[in-house]
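Have a look at the structure below, then the notes.
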Amino acid sequence: MRGLGSRRFGGVSHADLQEEEPSQSSSTSESTHDQDAEEENRCFGTFQGTIVGLRYYTGTVNRGEMVALVRQPQNPYDRNAVMVANVYGSQVGHIKKELAAALAFIMDRNLARVEGVVPYGKTNSFTMTVTLTFWGREENQEAVHSQMKNHGYKLNAVKGSSSAASWDRYGGAGSSSEICPVILTQEELKNAFDKLFDDLLEDRTREMEAAEAVRTPLLLHQKQALYWMTSRENSSDLPPFWEQRSGLYFNVLTNFGARESPESVLGGILADDMGLGKTLTTIALILSNFHNGKPLPVKYEGGASESRPSTSSTAHPAQKGASRRKEDSPKPLQTLKRSHKESDRTAASEDDDDVVVVSETRADQKPTASQPKRQTVKLHDVDFGSSLDSSRSASAKSRMKKGSGQTVKLHDVDFGSALDSSGSSLDSSKSASTKSQVKKGSGTSKKSPRPTLIICPLSVLTNWMDQFEQHLREDVQLNLYLFYGPDRCRQASFLSEQDVVLTTYNVLTSEYGKNSVLQKVLWLRVVLDEGHIIRNPDALQSKAVLSLNAERRWILSGTPIQNSVKDVWMLMCFLRLKPFAVREWWMRVIQRPVMMGNKEGLKNLQALLKVLTMRRTKLSKANGRPILQLPEKKVFLQKVVLSKEERERYELEKAEGRRIISRYMADGTVLRNYADVLAILVRLRLLCCHCDLVGKLTETAGTADSSSPAELRERLISKIRLVLSSGVDEECAVCLDSLRQPVITHCAHVFCKPCICEVIQSKQLAAKCPLCRANIKSTELLEYPGDEEDSRPTDRKDQWRSSSKVEALMTVLLKLRSEDPTIKSLVVSQFTKFLNILEVPLRESKFSFTRLDGTMNQKARARAVSELQDPSPGSPTVMLLSLKAGGVGLNLTYGAGA
DNA sequence: ACCGCCGGGTGCC
DNA sequence: ACCGCCGGGTGCC
């Protein structure tokens, strides 16, 4: 570890190893995120080269440390120049010019990725040895070898035939782990992670109570998450893979050493499954961990302000043991009889870097704060008035209004003090709850921001508002600002005073680049909801997200590792985990090793996620019990006897179906006529619901080879419709996932369009149906045209008739209603047409009901759900639910907060 | 750099 | 004195 004494940072080369915008390091061979990078897995060999000019630069390296090679085509002395930089981007020296001439050719043409490790570190002050390793795609190997040869260099072959073997020797931190040339499949990878998190749960049993402002009692696993998140935010731990060694900070993966401590990663990834309450946990975090485990100082309605004393029931993560869950009902306010001034002083004395009274600091921190007061108010009003469609969530809206009024008032107060700027406003009686902090750029004071920025997809924006509404105590005055809509307020000073600013990825992206206020504000924390959205590093929204200034950063995601290890990189960039914001280090240390099946690489990735991620599934356990304690499920099976007429029809169809299927059996063509078989079964199931669901039996089955193209097409379309409308979650036999863009082949098998097209592409003319081996062509695929909008039976009410099943259902519903008129029921069917039929008797019996099926867009679905969940009298008590549309991702609870 | 290289000084032994 | 040799100055790209 020599040469550390003179280490300095922020060298000239930072510009070349872009941290903030990883995709723009265009002067390096690392610039591309395209597929090539993933395939550059072959090791062409190694070479001992020389780094010169050490004495001109401050960047230093340790023995075995990884270095980056960066082309400098603009170098005035040599256009072939190759600069050498250490992990932090400080320049170490240059590659000797003769060697650089050879490398420049290779690097400029992307024939190989050239990576360096300095095996001895600094042995003299002028030059140093570097072990170069060449990685690339197989087809470029020859070109690389001959280019080196032309310059009089010969690559050393890598020991062992497997290129994977080379990683440990030349890329790894000198580890001697065994070689594992097996490439892990995605599935194995995923299992490895799930197992990892299972093991982890045992270590994460500490709990923390939410601040009193949070009304909804947290479940055990949510308290555990809150504890974990709080301790991550208050952590001063070194980031993963950093150690302190003899007074220096040392990265064990790259062997890089630094005098300064790398910044702690204050945040991480909350990757709980859907439905475990990530939103509530995040809200609790915002309210409960303002600074050092103290709750966010919020104002309570009625003028009382609370700066919660540290004696409250909130357990600081540093405290031992778990505190007990607080009462389910809100406690009476713990009224503070101190004067506001006193409470300010208390806060300050308890916690030096806590908060500063806003009216005190604003005056000098923002001398330009001369916006007209009127405008502020107006902007605010408009903001809450406009916003989303929001025909739903009326309650949230009214709450927002309430909040808005409060915010305006506070704003006015601050504003006044900013104007008179005498500084005497310190004793302002209003200021206790409007504590804020000195913003970045204010110069004098330590930065200590207040607001949390939440970024989410538009589709869940109202959900966030609802959840704040639902989970906060009613008398809490939270300054929540919806940064959305054409009249959103773009004043940094205003945003900096909020507790929470809520916006969407789209808004963030559209503001990005035009001097966005969101980039100017220093946020206490930034929360990315559905954080996997920023997977693509080239996307503008990813860049916008990365450029936000924040002290703490969180990613909420049900699926953090959606597709592959590649996705994790952006998350690490966002969390600013050094040194992975520079893609080269991520590639060398994590991604390529993992992709090549290197055990050490996988271990490192796991270690990384282990520290930064909390993930529970619905099946996870907390303290030995399932985290979700569902009420006991009771199943009542009611057998409905068909009427004589129905039974006759059913038996007729059954006999006919038997006849057809046994013919297929005899011919050995069951598989080939799979859709027909399914259709027969579906018809029988339909008949059990209602005879009108089934048309007259048409002779379609088994005649596939004797009809006109138009007839064939018609038949296939009706088959695919039948298959899809059966409500069974059809699987594509190629991807084994549920169908996307379903198409039907001439042999009547249904696949995802992309899947079957890929099959045909690869086999060309010889393509066979994966299910029945019949010849298939891409031109013969028929796409599913979507459901024909059949007229609902209400249109022809006169023709409506009941069925045994309908009668049975109505009997049960009426009985339930007579016992409890407010009871809510879900009526589920696989067949939306049956739901249509059911609407008639429901209406007749004066049931108020909602409906949710696959034809409805997200907004309509959300409305249907919230209407059903409305507890007020006269609200819908029945929901007609199509099995397929309601089967996944629907969160239906009744009696909120339970 | 305890090198290599360059260029000026120098010149029998 | 169109060379060799010596020794000081110098040094990434």
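Only a predicted model underlies this, so the values are computations on that prediction, with no experimental measurement involved. Here is the naming used below: chain letters follow the sequence lines, and residue numbers restart at 1 for every chain. What you see below is based on every heavy atom in this structure, not just the backbone, and it leaves out hydrogens, waters and symmetry mates.
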* To do: Only counting residues at least two apart or in another chain, list the ones meeting side-chain hydrogen bond (donor to acceptor under 3.5 Å, both in side chains) with A:Glu142.
  =>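 For A:Glu142 there are no side-chain hydrogen bond (donor to acceptor under 3.5 Å, both in side chains) partners, ignoring immediate neighbours.
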* To do: Between B:dA1 and B:dC5, how far apart are the C1' atoms? Round to whole Å, please.
  =>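 It works out to 12 Å between them.
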* Asked: What distance, rounded to whole Å, do you find between the two C1' atoms, one in C:dC13 and one in B:dC2?
  ->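 That atom pair is separated by 25 Å.
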Nucleotide [N], atom [atom2] - distance to [atom1] of [X] in whole Å:
{"X": "A:Tyr56", "N": "C:dC13", "atom1": "OH", "atom2": "C1'", "answer": "10 Å"}
{"X": "A:Met107", "N": "C:dC13", "atom1": "CE", "atom2": "P", "answer": "16 Å"}
{"X": "A:Asn124", "N": "C:dC12", "atom1": "CG", "atom2": "P", "answer": "13 Å"}
{"X": "A:Leu99", "N": "C:dC13", "atom1": "CG", "atom2": "C1'", "answer": "13 Å"}
{"X": "A:Leu103", "N": "C:dC13", "atom1": "CG", "atom2": "C1'", "answer": "13 Å"}
{"X": "A:Leu69", "N": "C:dC12", "atom1": "CG", "atom2": "P", "answer": "20 Å"}

* To do: Please check if any side-chain donor atom of A:Thr129 sits under 3.5 Å from a side-chain acceptor atom of A:Gln48, or the reverse.
  => no
* **Short side-chain donor-acceptor distance under 3.5 Å, A:Ser125 and A:Arg55** =>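 On atom types as modelled, these side chains do not qualify, holding no pair under 3.5 Å.
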* Please list, chain by chain and in numerical order, all residues satisfying ring pair (Phe, Tyr, Trp, His ring centres under 6.0 Å) with A:Phe574, sequence neighbours excluded. => none
* With a centroid cutoff of 5.5 Å and a plane-angle limit of 30°, would you call A:Phe126 stacked on B:dA1? ->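 Given the distance and angle limits, yes, they stack.
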* To do: Please give the nucleotide sitting opposite C:dA1 as a Watson-Crick or G-U wobble pair, both distances under 3.5 Å, or none.
  => none
* Asked: Are A:Lys97 and C:dC12 close enough that a side-chain N or O sits under 4.0 Å from OP1 or OP2?
  -> no
* Looking at C:dC13, C:dC12, B:dA1, which one has an atom nearest to any side-chain atom of A:Tyr77? ->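 The nucleotide sitting nearest to the side chain is C:dC13.
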* **Geometric cation-pi criterion, A:Arg42 with A:Phe44: 6.0 Å, 45°** =>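 Not flagged: A:Arg42 not positioned over aromatic ring of A:Phe44.
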* To do: State whether A:Arg576 and A:Glu263 are salt-bridged, where the test is any N-O pair (Lys NZ or Arg NE/NH1/NH2 against Asp/Glu carboxylate O) under 4.0 Å.
  =>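 A:Glu263 and A:Arg576: not salt-bridged.
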* **Distance flag, aromatic centroids of A:Phe134 and A:Phe47, threshold under 6.0 Å** => no
* Structure fact -> Contact check, residues 47-54 of chain A vs DNA chain C, heavy-atom distance under 4.0 Å, returns A:Val52, A:Gly53
